[in-house]
Amino acid sequence: MGAATDSDMGFGTRLVRVIVSIVVLTGVTVVLGYGGWIVLSLTATIGGYDPKTADGELLRERLLEWPDRNREVMRSNGRTSLPLRP
């Protein structure tokens with residue numbers, strides 16, 4: 001039994017696979033995008049470990065602002081300066 005090719009699958013099967021892929025990738029993107037902030041917030045609350053960046057800003061606060069700063073650059077087609085790395 002070999003793997004089915006796209007021509008062997010029906011439209012419904014392909015549609016379900018595309019929808020599942022979109023749902024999974026959206027979830028992974030949200031978790032990875034805000035996951036660092038969540039993990040650092042939990043470790044700061046529970047364990048007292050709250051890392052800072054080289055300029056003294058809390059790393060978890062910079063991670064929380066990171067998606068918004070990236071959106072600003074994307075909206076300007078890259079014409080604004082890139083945000084600081086987290």
Side-chain angles (χ1 to χ4, degrees):
M1 301 242 165
T5 61
D6 286 341
S7 61
D8 294 339
M9 285 188 270
F11 176 75
T13 304
R14 288 192 305 239
L15 181 65
V16 167
R17 285 187 176 186
V18 168
I19 291 171
V20 167
S21 297
I22 290 171
V23 168
V24 168
L25 288 175
T26 302
V28 167
T29 302
V30 168
V31 167
L32 291 179
Y34 291 100
W37 174 78
I38 293 169
V39 169
L40 287 175
S41 296
L42 287 174
T43 58
T45 303
I46 295 170
Y49 177 68
D50 206 4
K52 295 183 179 181
T53 61
D55 60 355
E57 186 180 357
L58 290 175
L59 182 58
R60 62 186 162 94
E61 290 176 4
R62 189 177 286 181
L63 283 173
L64 185 59
E65 296 168 0
W66 182 251
D68 294 328
R69 288 194 255 183
N70 281 342
R71 264 187 234 110
E72 296 288 329
V73 174
M74 288 187 287
R75 287 184 183 132
S76 69
N77 289 328
R79 291 188 180 104
T80 62
S81 61
L82 292 173
L84 297 172
R85 292 181 2 194

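Not measured: the values here are computed from a predicted model. Sequential numbering from 1 along the given sequence is applied to the chain's residues.
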Next item on the list: Could you tell me which residues satisfy side chain to side chain contact (heavy atoms under 4.5 Å, CB included) with Ser76, sequence neighbours excluded, listed by chain and number?
Entry: Arg79, Thr80
Check: Linking I/L/V/M/F/W/Y whenever any side-chain heavy atoms sit under 4.5 Å apart, do Val16 and Val24 land together?
Finding: yes
Item checked: Same cluster (ILVMFWY, side-chain, under 4.5 Å), Phe11 and Ile19 -> yes
Note to self: If hydrophobic residues (ILVMFWY) are linked whenever their side-chain heavy atoms come closer than 4.5 Å, directly or via other members, who joins Val18 in its cluster?
What the structure shows: Ile22
